[in-house]
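Numbering of ligands and ligand atoms starts at 1, following listing order.
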Amino acid sequence: MNFTEKILVLDFGSQYTQLIARRVREQKVYSEILPYNVSIDRIKEFAPKGIILSGGPSSVYDKSAPLPDKEIFNLGIPILGICYGMQLMSHMLGGKVAKSAKREYGRAELRIDDDSDILKGIKKRSAVSGQRSEEEKLVTVVWMSHGDKIVKQPKGFTPIAHTNNSPVAAMADKSRKFYALQFHPEVAHTENGTKILRNFVFNVCKCKPKWTMQSFIETTTKDIKEKVGKYRVVCAISGGVDSAVTAVLINRAIGKQLTCIFVDNGVLREGEALKVENMLKKHFRMNMICVDASKRFLKKLKGVTDPEKKRKIIGNEFIHIFQEEAKKIKGAEYLAQGTLYPDVIESTSFKGPSAIIKSHHNVGGLLKDMKLKLVEPLRELFKDEVRVLGRELGMPDEIISRHPFPGPGLAIRIIDEVTQQRADILRKADAIVLEEIKNAGLYNEIWQAFAVLLPIKTVGVMGDERTYENVIAVRAVKSVDGMTADWARLPYDVLGIISNRIINEVKGINRVVFDISSKPPSTIEWE
Ligand code: XMP
């Protein structure tokens, strides 16, 4: 990415590394994360205006302690070390780090000894714990998480803040513009954390706030044009946010050189195919191929009840159909994918591919025999930035803020075998759940809401007749990232309307239940 105002974050394995980059970007300054052991040449090529060394789980005295190239301290670029980043600065620049007698974890009161620079403008408040002088009672609350501490700062550094447990909780070498913090300014619990990061980015590194979505669109469309040249790009559209935004952005850059392929696998939500088609084809005037392959998918799914088998069948069939269609497009050289920044970091960071990477990438495995090169214009963005980008590109909110939907679709919400009839029943019930949650104004507070069709028949009574029909389970969860989730406390009235409508309007259902399990130990999907 061709920005001049950039901050580089070197990753030493902290759970907060991504947060540091996000906080910097929130200040409209572009920030990227690279593994701690990236070469000095790569750093020079990236040309940051400042470097932040993240925290990490290691101790600098561990045999395998991750350390950066020492040359970073000779680049003449400001450096901010956070937690482990501070300790390694101390260790590598001649200070002394030792085990704390007491691990310091959580809230701590920071007493500022020099607020002339990076700690400038911090609002202080009265200390809870008693200290003698009035001045000493003024503190700010910070978030700590460390077992080692600085016992002697390196030459050139002076301590600028302390806590009860850390005599050097922050230190500075103003002439070299090196700063180090024992606490985490990037987490929300650190009261003035944003202010401190702003001080580093703007006052120390002299960055200008130029990173906006508009500037991202301009630079990226230029990059795509240059990369793709006269060739064609194909893009698989799943109905989700990422692939739709990818397509709209590439369309902005190369227009008719892009062809989108949308495959209806027969287990999509109600009206989904039409919604996506209307937006991309009619609103954005894109080349779009819509393939109704529902019969083909349902045939393959016949008799299959195992959830993992369903996933594999749908994934493989999708790849086959996509390839068949893509091969028909003359001059196709590139495949567009909606890879996001967290996926990129997960696979390049020194920790290696993390366990949380999802195995269900819809177009994974395509490239081997198709030999398409990749275009991944979102690979520098976080999920919420993709939503901002989509809005900026004029995409309707209905597409941008929709709940996540699994690649295998309704197939993993039909417990037991998937049939056309069952898919139709579930589609109708699911549409009612979503409609009523939207009517109640709750859609945006919920991570995912949907219906599940259970393979159980129960007795009911309708009019004067006894019925013996299936059960629908309603699932609604709140979550931040889908990794953990709590069941959403939907109001009884809303649940009542959902239940009434499903039983009255969906033939084949005579009972509705509400799922009140959290993840863990349950999962969001039932299969
Ligand atoms: P679970 O059920 O594992 O789901 O708690 C976590 C999130 O992942 C989605 N999910 C999938 N997405 N293909 C996908 O594209 C899949 O096979 C799949 N399985 C689960 C799920 O909807 C939730 O958002």
Determine the sole option in I414, D430, L453 for which the side-chain contact (heavy atoms from CB on, under 4.5 Å) test with I425 is passed.
L453

Do the charged groups of R501 and E435 touch, with an N to O distance under 4.0 Å?
yes

Just which atoms of ligand 1 are under 4.0 Å from any heavy atom in G482?
6 (C)

Taking only heavy atoms of G407, which atoms of ligand 1 are found under 4.0 Å from at least one of them?
12 (N), 13 (N), 14 (C), 15 (O)

Any N or O of I524 that comes nearer than 3.5 Å to an N or O of ligand 1?
yes

Candidates E527, Q448, K519; heavy atom nearest atom 5 (O) of ligand 1 found on K519

I'd like to check whether R413 has a polar contact with ligand 1, where a contact means an N/O of the residue lying under 3.5 Å from an N/O of the ligand.
no

Do side-chain atoms of K310 reach the backbone of D416 as a donor and acceptor pair under 3.5 angstrom?
yes

Whether H403 and Y443 hold their rings parallel, tilted or perpendicular, with breakpoints at 30° and 60°:
parallel

Hey, is the main chain of L495 close enough, under 3.5 Å, to the side chain of S499 for a donor-acceptor pair?
no

Roughly how far, to the nearest 0.5 Å, is CG of L258 from NZ of K256?
9.5 Å

Contact between ligand 1 and W447 is defined here as a heavy atom of the residue under 4.0 Å from a ligand atom; is it met?
yes

Under a 3.5 Å threshold, yes or no: a donor from one side chain and an acceptor from the other, between S31 and R25?
no

Do any N/O atoms on P404 end up under 3.5 angstrom from N/O atoms on ligand 1?
no

For R311, the ligand 1 atoms with a heavy-atom partner under 4.0 Å come out as 16 (C), 17 (O), 18 (C), 19 (N), 20 (C)

I need the atoms of ligand 1 closer than 4.0 Å to a non-hydrogen atom of T523, numbered in the order shown.
1 (P), 2 (O), 5 (O)

